[in-house]
> 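Pasting in a structure now, in structure tokens, and then I'll have a few things to ask.
Labels below follow one simple rule: chain letters A, B, ... track the order of the sequence lines, proteins then strands, and each chain is numbered from 1.
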Amino acid sequence: MAIEDEILSDITDSQNTEVSDHAKEYLSVLNPEQYEAVVHEGSPLLILAGAGSGKTRVITTKIAYLIGEKGVNPHSILAVTFTKKAAAEMHERAIALEPREETRQVMIRTFHSFGAWFLRVYAESVGVDPNFTVYDDEDVISLIQKLDLDFHEQEKKSRKRLNESGDKMTKKEAAVYARKISLAKDYCLRPDSEDLLERSEFLEPQDFKDVYAAYENRLRAIGNVDFGDLIMLPVLSLRENKNLRDKIRKRFRYIMVDEYQDTNLAQFELLKALCDFDETDKTEHTYVCVVGDDDQSIYKFRGAEVEHILKFKDDFPNTDLIRLERNYRSTPEILKLADNVVANNQNRLGKTLRAERGSGKTPVLAFLPNQDDEVHFCADLVQKTHAMGVSYSDWAILYRTNAQSMGFESEFVRKKIPYIIVGSLKFFEREEVKDIVAWLELLANHKNEIAFHRIINKPARGIGNKTQDSIVVCAQNEWQTTGENGGETQNFEKNDIIAACCYMTGRLSGKSKSEVAKFAELIEEIESLFEEDTTAGGELAGQVLSENADSSDELKKRESKKTLAELIEAIAKKSGLAQYYEDRDKEEHTFRVENIQELANSAVPYPLARQGLLDFLDNIQLDRTLSNQDEDVAEDAVTLITLHNTKGLEFNRVVMTGMEEGVFPRNGDDEEEMEEERRLCYVGITRAKNELYLTSCAVRRMYGHIEYMKCSPFLLEMGTEGVKAIGQLPSRYRGSSFYQGDYGERGLSHPDFGTDEIQKKYYRGAKIYHDDYGYGIIANTTVNDDGEYAITVSFENSGIKRFLPKYQESSLMIVKD
DNA sequence: AGTGCAACTCTTTTT
DNA sequence: GAGTTGCACT
């Protein structure tokens, strides 16, 4: 330690002459490795940063340092992160370190958001519609299903249908293609790529390549993109288009990538394409710095490969390596468990995290009878500590699958414990929200077929499938028409569905004629709200604005006029959707109209203009997980979150739930998957700063059946040494050296009741009230092998249940006569 | 076109 | 067990 300190002062001394006092301040808080990483320049840099080792600080300080001390133009710095939240945080911290106006200009985005920016600004060069919107999974599936129809029409029913069954593709079939197409794009493989079929996952279904190709054609024709395109299209066009490549490389001279271990092949290729390493002039190459931790790679299923970290130095010659191994986040007790687990992985670079913090509480492992007890246990922990002054936001409940959140939610509602769920996409998947968004998408891009189908007949206007199809087919064919009034010939863009509606009005008859005409008028009416902005139309007028307009600041400057919220309200009202959902709300006791209003509220920062519309759509499509919580941030609440979503976050107190084989890890057979799950476990443990709790249930209800669970192998890997076990130990732990705690200890969730008191309180014959089961009588009491006091309760309406009262005191209430 | 019932599948994880 | 999908009937 002393030697390192000396080195540090050595380095800082030598730099002092060049560095401003301001910089000295923020550099002085860095440890030697962090310092080295911040001031590093020249060759590519790979930072292996363990959990909690201050990597965000390194990146933000590096940005501040480049701008403030090295005179680098902020405009030429690009930082890529994994989530919008991380990007926003990084931006803020960089500005705080180097508080001048230009710092705002640093581009800090997620890979996908960067891709969206790129595609909009260079739409023409890339060959995409500048008004594209991004299809989500559901839209992609719908589009694949519609492909069937297209082929049918085009080939005059003679061609063999695309899917194997010969019928219209079912949603499920389409979903298989959708998943594989998305995976192919993660690998940067096009339908005509030679190596497409070299990967075994694309051999099935047999016609995958054809469907992929047809899908791509259709997607381009209707001017939209999917998630994969946001990465793949920039890569392909940068490879092919030297002008574009030169332009972009001239702009971004400093590129930093966070969470590098989770980049997939396409993202890796994008990074390579952005950097001028392979060009002739080697003296003036892009400065690249990537930060990652191989032990935290948890997105293999999305095409991420740990190997990219190893591969990095092959593609970026002369790479320097810096390791950050000092952990400032967690207590040594917590860190030890994390290390015990991840040490079982074969495929890792290997590093030892050293705890900088002093000793803390022993992590607690709770063996519980079933998941109801697990839910109660968590609620108790939170409630009891809250009574002692611990804030709700100290707590995070972690689980493997989203489905597990339900039990916690209902219990927390019942107990009035405030909580936020991170990462649930529910809001944007709601029917009413998707309807309004479909309207917005169709306004942004008249070719958006999927959005058209969604809204044309909702509420029912009497425009059925046949009419809809005829409009789409009409739009697909190159056509001309004479304006009905004047007689001059008009040319409409191919696939423009709105134009097709107008045209078809002259061709249909009866009810559908008048209704389609009305619908076309409705669109026109709503679109007229944009009038002041006509020049922006399909042109690249938004280019300048969107260069840096990631979010609020830029947008707020333009909020002088009307906002997008107005557009949303107009849509809801004029389309009849507001009325429609109002009626349904009354009938079904739902709050759909409120959700629409919430969507409108979230659109307030965006101006009522084409560019505002596109920005808004980008934002909700690329950031669906986070945007619905913006209002509640200030509130003190427990965090419910999947393990995957915890990446980059930290909490004072963490409960990892469902530590059972089959739940976590979900699949114990495949050794590779097992290693990934193990890393996920490592990530979970290292989120905790001060206290860690693990829960494991003996019995769990899964798809309606009762399953007897084995405890997670990760618990065994953690060892028994540094863990305090409570509850009934599974047989495999009998006779182990576990330090078995009791519930009396202060700071734990359970009150200071000794066994005696518990026994006195829950006597045989006592009347009980339980939130879930109602009233009952204690029919029997026993003491089990571990000396735990158990009661059997006979409920009036819920049968006979057995409890261990000391775990469940809060839900087992004694009714006094 | 809209309703109602039967028969599924589903549990990874996300931009 | 729940939520969703597809089919048949009105």
Side-chain angles (χ1 to χ4, degrees), chain A residues 80-87 109-116 134-138 140-141 145 167-176 179 182-183 185-186 225-232 259 262-264 266-267 270 297-304 398-407 422-426 428-429 431 457-468 511-512 515 587 618-627 641-648 658 660 662-668 670 673 676-677 679-681 683-684 700-707:
Chain A
V80 185
T81 63
F82 204 70
T83 63
K84 269 240 161 107
K85 195 176 177 183
R109 287 172 177 256
T110 64
F111 264 113
H112 287 88
S113 144
F114 174 79
V134 184
Y135 273 149
D136 67 12
D137 293 352
E138 204 185 316
V140 167
I141 291 170
Q145 280 185 284
D167 298 320
K168 186 179 182 303
M169 215 186 275
T170 66
K171 203 166 188 172
K172 264 189 76 181
E173 273 177 294
V176 172
R179 208 178 50 239
S182 139
L183 198 59
K185 290 187 176 184
D186 285 343
V225 302
D226 59 24
F227 271 109
D229 286 337
L230 295 175
I231 312 295
M232 186 174 80
E259 307 284 9
D262 281 320
T263 54
N264 60 36
Q267 290 164 334
L270 180 55
S297 166
I298 53 175
Y299 284 97
K300 191 176 171 83
F301 69 94
R302 224 171 68 192
L398 277 47
Y399 38 79
R400 179 64 234 277
T401 63
N402 278 309
Q404 286 164 258
S405 74
M406 247 181 57
V422 177
S424 115
L425 330 156
K426 274 185 299 187
F428 289 100
E429 278 177 1
E431 181 188 350
N457 201 30
K458 196 169 184 178
R461 296 188 175 80
I463 304 175
N465 287 333
K466 278 227 161 117
T467 314
Q468 289 180 31
K511 189 170 184 209
S512 46
E515 290 299 327
E587 192 106 329
D618 273 359
N619 227 25
I620 63 180
Q621 278 148 346
L622 301 178
D623 189 27
R624 14 192 43 208
T625 50
L626 301 164
S627 35
I641 190 168
T642 63
L643 283 157
H644 279 87
N645 263 326
T646 61
K647 179 142 85 149
E660 299 131 35
V663 175
F664 184 39
R666 138 151 277 284
N667 181 355
D670 184 312
E673 265 177 56
E676 174 124 335
E677 298 271 327
R679 290 191 290 268
L680 192 53
C681 185
V683 168
R700 186 175 286 273
R701 295 171 87 159
M702 295 178 93
Y703 0 70
H705 288 275
I706 288 204
E707 303 272 353

> If the condition is side chain to side chain contact (heavy atoms under 4.5 Å, CB included), which residues does Ala304(A) pass it with, not counting sequence neighbours?
Asp262(A), Tyr299(A)
> Do Lys647(A)'s NZ or CZ and the ring of Phe82(A) fall within the cation-pi criteria of under 6.0 Å and 45°?
yes
> For Asp618(A), give me all partners under side chain to side chain donor-acceptor pair (under 3.5 Å), at least two apart in sequence or on another chain.
Arg120(A)
> Report the residues that fulfil side chain to side chain contact (heavy atoms under 4.5 Å, CB included) with Arg179(A), sequence neighbours left out, ordered by chain and then residue number.
none
> Could you give the CD1-to-P distance, from Ile298(A) to dT15(B), as a whole number of Å?
11 Å
> How would you list, by chain and number, every residue that makes a salt bridge (Lys or Arg N to Asp or Glu O under 4.0 Å) with Glu431(A), sequence neighbours excluded?
Lys458(A), Arg584(A), Arg592(A)
> Under 4.0 Å from OP1 or OP2 of dT15(B): is there any side-chain N or O of Ser113(A) that close?
no
> With heavy atoms under 4.0 Å as the rule, sort Tyr299(A) into base, sugar-phosphate or nothing.
sugar-phosphate
> Within this structure, what is the CD-to-P distance between Glu660(A) and dT11(B), rounded to whole angstrom?
19 Å
> Does dT14(B) have OP1 or OP2 under 4.0 Å away from a side-chain N or O of Asn402(A)?
yes
> Tell me every residue that passes side chain to side chain contact (heavy atoms under 4.5 Å, CB included) with Met702(A), counting only those two or more places apart in sequence or in another chain.
Val663(A), Arg700(A), Glu707(A), Met709(A)
> Provide, to the nearest angstrom, the distance between the CG atom belonging to Asp137(A) and the P atom belonging to dT13(B).
12 Å
> Once you round it to whole Å, what is the distance between P of dT13(B) and CG of Leu183(A)?
17 Å
> Taking N or O atoms only and anything under 3.5 Å, show me the protein contacts with nucleotides 1-5 of chain B, one pair per line.
unit_1	atom_1	unit_2	atom_2	d
dA1(B)	OP1	Gly464(A)	N	3.3

> Take the protein atom NZ of Lys85(A) and the nucleotide atom P of dT15(B), then report the distance between them rounded to whole Å.
12 Å
> By salt bridge (Lys or Arg N to Asp or Glu O under 4.0 Å), which residues pair with Asp186(A), not counting sequence neighbours?
none
> Sticking with atom C1', work out how far dG6(C) lies from dT11(B), rounded to a whole angstrom.
23 Å
> Please state how far atom CD in Glu673(A) lies from atom P in dT13(B), giving the value in whole angstrom units.
14 Å
> With sequence neighbours left out, write down each residue that passes side chain to side chain contact (heavy atoms under 4.5 Å, CB included) with Ala266(A), or none if nothing qualifies.
Cys188(A), Ile231(A), Asn264(A)
> Whole angstroms only, please: what is the CD-C1' distance between Glu707(A) and dC10(B)?
14 Å
> Rounded to whole angstrom units, what separation is found between the CG atom of Asn645(A) and the P atom of dT14(B)?
5 Å
> Can Phe111(A) be said to stack with the base of dT15(B), given centres closer than 5.5 angstrom and planes under 30 degrees apart?
no
> When every nucleotide of nucleotides 1-10 of chain C is labelled 5' to 3' by its protein contacts under 4.0 Å (heavy atoms), B for base, S for sugar-phosphate only, - for none, what sequence of letters results?
S---SS----
> Hey, is the main chain of Thr81(A) close enough, under 3.5 Å, to the side chain of Glu259(A) for a donor-acceptor pair?
no
